[in-house]
Participant: 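Please find one structure pasted underneath; my questions will follow.
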Number of protein chains: 2
Amino acid sequence: MNIGQAAERSGLPAKTIRYYEEIDLIHPSRAANGYRDYGDQDLHRLCFLQRSRSLGFTIEECRTLLSLYDDEQRASADVKQIAKMKIDLIEKKIKELNSLKSTLSVLVKNCHGDDRPDCPILDDLAGKRSVETI
Amino acid sequence: MNIGQAAERSGLPAKTIRYYEEIDLIHPSRAANGYRDYGDQDLHRLCFLQRSRSLGFTIEECRTLLSLYDDEQRASADVKQIAKMKIDLIEKKIKELNSLKSTLSVLVKNCHGDDRPDCPILDDLAGKRSVETI
DNA sequence: TATAAACCTTACAGTAATGGGAAGGTCAAC
DNA sequence: GTTGACCTTCCCATTACTGTAAGGTTTATA
């Protein structure tokens, strides 16, 4: 199938699919007219990539996961470890965002938010700690 | 003061400070030898940038916040709105990450994680929905 | 048959917000 | 006087794409 159909079926933009080829994640064959030609195996790989990217794995992690997927001798522990590491990173990011949110929420709560010019948010950003922001 | 000291006092790398100048967020004067020379006002702006960046505002948001900060006639509501929008974005991101985490956790839980090759994580990525992943 | 639209191709540039490193000028200390 | 710690500009790399230009191919329609 052409790239357009591969895009539609995998849920990835054609542009992204070409990019994945450029960085050696996929190697479709070419039709006589020079068009890329995707087989079922290729489509499968694209779907794998779409799913793993959407789960937050980086391109390089996807590359590793794909190679593990290709390797019939892999140990499931290897895959599990990558996924666990990812969970840890996600947890860390969530904590960071929660902390940011708390700080911003305190600032917003303390800002009267009308047309007067005095603003605790700007005061805080400027280093005037008028409010306890956790 | 030189860029090194401005960096130390603001908590921003010198490289970043030069970048902020390049994109017109700050305009330090120059000493006779060509070195950048930061005054108290400049340092203040750098600290403002450091704080607002660390709170998750993008550079362009920082630019807006700085211009509001400079504007004696601003309405605090304008600032509040930007901060609120940021909170919404942060909340959305947190939800996304929680969802990712749940999915990955289910996959990890279902993977025996030993040296056998069968792996529910890879199966899921490959589109074989063997597990309910929310 | 002509032509227009809908595909496809490559190649180059841009994004956000820095980080790294080269090549070279300046300054303070010993 | 020379070493080492600064500073300068300039260009390239990062992540994972996205946009655009210039052009070739295929398909549908007038």
Participant: Quick one: B:Ile3 CD1 to D:dA5 C1', roughly how many Å, whole number?
Facilitator: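 Result: 15 Å.
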Participant: Please state whether the phosphate of D:dT9, meaning OP1 or OP2, lies under 4.0 angstrom from any side-chain nitrogen or oxygen of B:Arg36.
Facilitator: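 Yes.
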Participant: With a 4.0 Å heavy-atom cut-off, tell me which residues in residues 10-35 of chain A come close to DNA chain C, sorted by residue number.
Facilitator: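 Heavy-atom contacts with DNA chain C come from A:Lys15, A:Arg18, A:Arg30, A:Gly34, A:Tyr35.
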Participant: State which residues pass side-chain contact (heavy atoms from CB on, under 4.5 Å) with A:Glu60; sequence neighbours excluded, sorted by chain then number.
Facilitator: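 A:Glu60: side-chain contact (heavy atoms from CB on, under 4.5 Å) contacts with A:Thr58, A:Arg63.
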Participant: Taking ring-ring contact (aromatic ring centres under 6.0 Å, His included) as the test, write out the residues that go with B:Tyr35, two or more places apart.
Facilitator: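 B:Tyr35 satisfies ring-ring contact (aromatic ring centres under 6.0 Å, His included) with no residue once adjacent residues are dropped.
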Participant: Distance-only criterion, 3.5 Å: show the donor-acceptor pairs between side-chain atoms of residues 12-29 of chain B and protein atoms not counting sequence neighbours.
Facilitator:
unit_1	atom_1	unit_2	atom_2	d
B:Glu21	OE1	B:Arg36	NE	2.5
B:Glu21	OE2	B:Arg30	NH2	3.4
B:Ser29	OG	B:Asp37	O	3.4

Participant: Considering residues at least two apart in sequence or located in another chain, which fulfil the side-chain contact (heavy atoms from CB on, under 4.5 Å) criterion with B:Lys95?
Facilitator: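 For B:Lys95, no residue satisfies side-chain contact (heavy atoms from CB on, under 4.5 Å) once neighbours in sequence are set aside.
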Participant: Shoot me the first and last contacting nucleotide of DNA chain C against chain A, ordered 5' to 3', at under 4.0 angstrom to non-hydrogen atoms.
Facilitator: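 Under 4.0 Å from chain A, the extent on DNA chain C is C:dC7 to C:dA11.
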Participant: Tell me every residue that passes side-chain contact (heavy atoms from CB on, under 4.5 Å) with A:Gln5, counting only those two or more places apart in sequence or in another chain.
Facilitator: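 If we apply the side-chain contact (heavy atoms from CB on, under 4.5 Å) test to A:Gln5, skipping adjacent residues, the hits are A:Met1, A:Arg9.
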Participant: Using side-chain heavy atoms (C-beta onward) and a distance below 4.5 Å, is B:Lys80 in contact with B:Ser76?
Facilitator: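 Heavy-atom side-chain distance check fails, nothing below 4.5 Å.
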Participant: Sequence neighbours excluded, which residues qualify as ring-ring contact (aromatic ring centres under 6.0 Å, His included) partners of B:Tyr69?
Facilitator: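 For B:Tyr69 the ring-ring contact (aromatic ring centres under 6.0 Å, His included) partners, ignoring immediate neighbours, are B:Phe48.
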Participant: Can you name the side-chain contact (heavy atoms from CB on, under 4.5 Å) partners of A:Leu100, sequence neighbours left out?
Facilitator: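 Residues passing side-chain contact (heavy atoms from CB on, under 4.5 Å) with A:Leu100: A:Leu97, B:Leu55, B:Ile90.
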